[in-house]
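Order of the sequence lines sets the chain letters (A, B, ...), proteins ahead of strands, with each chain counted from 1.
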Amino acid sequence: MATQTNPIETFATQEYKWGFVTNIDADSVPPGLNEETIRLISTRKNEPQFMLDWRLKAYRQWLTMKEPTWANIHYPAIDYQKIIYYSAPKTNKDRPKSLDEVDPELLATYEKLGIPLRERELLSGVAVDAVFDSVSVGTTFKKKLSELGIIFCSFSEAVQEHPELVQKYLGTVVPHSDNFFAALNAAVFSDGSFCYIPKGVRCPMELSTYFRINAKDTGQFERTLIVADEGAYVSYLEGCTAPQRDTNQLHAAVVELIALDNATIKYSTVQNWYPGDKEGKGGIYNFVTKRGKCLGVNSKISWTQVETGSAITWKYPSCLLLGENSVGEFYSVALTNNYQQADTGTKMIHAGKNTRSTIVSKGISAGRGQNTYRGAVKILKGASGARNYSQCDSMLLGDKCGAHTFPYLEVKNTSSSVEHEASTSKIGEDQIFYCRQRGISTEDAVGMIVNGFCKEVFRELPMEFAVEAQKLLGVSLEGSVG
Amino acid sequence: MGKPILEIKNLHAKVGDKEILRGIDLTVNTGEVHAIMGPNGSGKSTLAQVIAGRDLYTVTDGEVIYEGQDLLALAPEERAQQGIFLAFQYPVEIPGVSNLYFLKAALNAARKRRGEPELDAMEFLSLVRQKITLMEMEESLLNRAVNAGFSGGEKKRNEIFQMAVLEPRLALLDETDSGLDIDALKIVANGVNALRSPDRSTLVITHYQRLLNHIVPDYVHVLAEGRIVRSGDKSLALALEESGYVGLEELAETVQ
């Protein structure tokens with residue numbers, strides 16, 4: 001025959017397309033972590049006393065904690081004293097009042113990322129709160145949103161403008177002492193997004209944040225807090241990309257969601273941090289704590305994530321279902337290629353009566369990628385009538401990668417039901433040949449099969465995001481088959 | 001009588017260390033329907049797979065000329081785009097990918113190759129609607145995932161439906177009759193017959209004569225142990241029905 005290569009054998013070079021560096025003078029504090037660093041961050045950000053106290057409390061807690069080792073991931077020890085904990089573009093000292101005042105090079109960066117703020121502002125109706133390194137540079141549509149009483153701003157701004165809301169909700173879902181990385185974040189987080197939807201308001205547009213790590217050796221520790229008051233609805237989109245570096249960078253973010261009575265929060269993520277090169281050099285260490293609290297009756301929190309980037313992903317977007325009839329959802333696609341490792345999943349904690357949760361996880365492993373689903377479903381004593389459905393599917397491309405599933409179930413109530421389904425499949429050579437015999441190239445066939453595998457998750461994403469996610473999977477798999 | 005579309009000369013192929021095709025010679029002209037019959041393990045399906053380009057098989061000798069060019073030098077998708085269609089014996093399931101999406105990608109790949117504009121969604125939909133009635137299939141099948149949850153009969157019909165949309169120059173039907181009841185067999189045969197044309201050639205691979213009552217071939221070849229041991233017209237199929245495949249192995253030893 002003409003070719004003897006196994007079509008799903010090797011993942012060849014796939015250049016990271018977002019690997020550029022923006023040259024902007026940055027205002028950084030020296031590397032290292034101690035109480036002084038934290039005081040410095042707090043001072044630079046002109047924070048009220050309660051914030052500094054909270055940070056210091058978290059820091060002292062963090063000093064007593066050990067980095068967790070239970071996850072199915074392997075990496076050299078992180079030197080926390082070598083990290084720069086605060087870096088803001090200098091142009092931001094004098095905060096830009098409008099996009100016109102934003103550094104043109106910064107705007108060009110967003111252009112390269114495919115998120116032209118101005119175009120978005122004018123054409124797409126998406127309000128973007130862009131986080132460049134540590135400080136938000138432009139928040140659009142704020143005016144339109146404020147007419148509805150919606151607060152959508154950077155975290156720093158919220159601390160200045162709405163300290164009472166921040167103080168009321170900060171750390172109520174992910175406490176300062178929650179885990180090693182969450183405590184670190186609480187101590188040093190530099191910025192993030194804040195969102196409050198008042199009673200009975202349905203947010204008329206998708207709120208969106210793009211995070212991007214730029215300065216070298218900078219850890220990014222952003223923190224997002226979203227509160228949906230009674231009867232409110234919001235859909236929030238988060239996208240991430242980082243430039244290409246030889247060294248590893250730490251990203252330890254925290255997201256807290258709070259849904260009161262009859263409120264719904266939909267949180268969608270497309271994570272495309274730099275995954276490292278094909279030998280596994282460089283790449284982002286992504287240690288993220290995301291959790292939502294369904295505090296009110298009939299409230300709903302839905303997580304959808306597409307994780308294609310990062311050298312290491314450690315992330316478990318979870319739901320605490322406290323309110324009666326509240327609903328938690330987790331839809332996930334995680335792709336690991338080359339030497340990427342992902343240990344991701346969710347926790348659904350049922351405390352309220354008749355609470356329901358759905359988990360759909362799709363893991364794709366290629367190259368030497370290791371993909372772990374880790375999920376916990378806990379049904380507490382008082383959660384009568386609670387129901388959970390979990391589905392975990394894994395797909396393997398080639399024979400050097402791995403897929404692992406660790407579901408934990410804990411049911412303390414006899415009137416509840418828990419279902420778990422799992423499958424592992426290999427992209428079959430017969431599937432690829434079938435496509436090729438119909439005139440479809442191997443690469444397109446792999447993309448098509450993988451996208452088909454992820455369909456149940458993609459349909460949960462807002463339209464624009466779903467298209468982007470499909471393209472991203474295609475790009476991540478490009479050159480993967482020979 | 002048309003010009004040769006497919007010329008197979010002394011074709012040898014193996015899977016692993018096992019030689020399966022041991023010197024096939026066969027010429028198919030445009031417009032002709034050839035039936036390939038033979039016992040299990042005689043190499044019928046291997047022949048179809050080798051023509052389609054499955055790299056599980058290694059060609060060790062011989063050549064295959066398709067429309068004047070060296071077919072073996074082409075990738076499977078290039079062969080498909082140039083008009084070779086294989087109706088699979090066991091059509092593959094592709095969960096989550098709709099039949100419609102799949103077929104549109106396939107058709108547009110071939111159109112692109114021919115330098116024709118790609119069909120947009122509306123043009124494509126009207127084309128498939130017209131073709132699907134031919135196979136007496138439910139339109140809802142279009143929105144279901146490729147072959148996923150299809151019955152055996154639906155899968156086979158779906159193959160011929162795809163063939164109707166892609167309009168190949170050379171169709172290879174690999175045991176399309178297996179697993180079909182008589183009603184489904186007639187529908188499939190009607191579909192294939194409707195596609196018979198002076199521009200299209202068909203290779204019908206079957207174990208049983210039954211299908212050939214409905215798709216009447218111009219030529220019948222009998223394969224045994226990787227060689228064509230007998231060729232004739234449609235009456236050969238009937239004779240085989242009487243005598244069975246017994247004794248063909250010895251015949252295979254004498255044919256070189």
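Both the backbone and the side chain of B/Ala52 come within less than 4.5 Å of a heavy atom in chain A. For B/Leu86, the parts lying under 4.5 angstrom from a heavy atom of chain A are both the backbone and the side chain. With a 4.5 Å cut-off on non-hydrogen atoms, B/Ile84 touches chain A through its backbone and its side chain both. Residue contact with chain A, scored on non-hydrogen atoms closer than 4.5 Å, involves the backbone and the side chain of B/Pro91 alike. Interface residue B/Glu93: only backbone heavy atoms are found under 4.5 Å from chain A.
Looking only at heavy-atom pairs under 4.5 Å with chain A, the residue among B/Leu103, B/Val92, B/Asp70, B/Val97 that has the most is B/Val92.
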Derivation of the ring pair (Phe, Tyr, Trp, His ring centres under 6.0 Å) call for A/Phe330 and A/Trp303: CA-CA 5 Å; A/Phe330 174 74; A/Trp303 298 100; 8.2 Å; no
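Ion pairing between a basic and an acidic side chain is recognised when a charged N comes within 4.0 Å of a carboxylate O; B/Lys44 and B/Glu175 show such pairing.
In this structure, A/Tyr434 has its ring center under 6.0 Å from that of B/Phe102.
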Could you list the donor-acceptor pairs under 3.5 angstrom formed between side-chain atoms of residues 445-457 of chain A and any protein atom two or more places apart in sequence or on another chain?
residue, atom, partner, partner atom, Å
A/Asn451, ND2, A/Gly447, O, 3.0
A/Glu456, OE1, A/Lys362, NZ, 2.6
A/Glu456, OE2, A/Gln391, NE2, 3.4

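Residue A/Ser394 comes nearest to A/Ala403 through the heavy atom pair CB-CB, 3.7 Å, listed as atom of the first residue, atom of the second, then distance.
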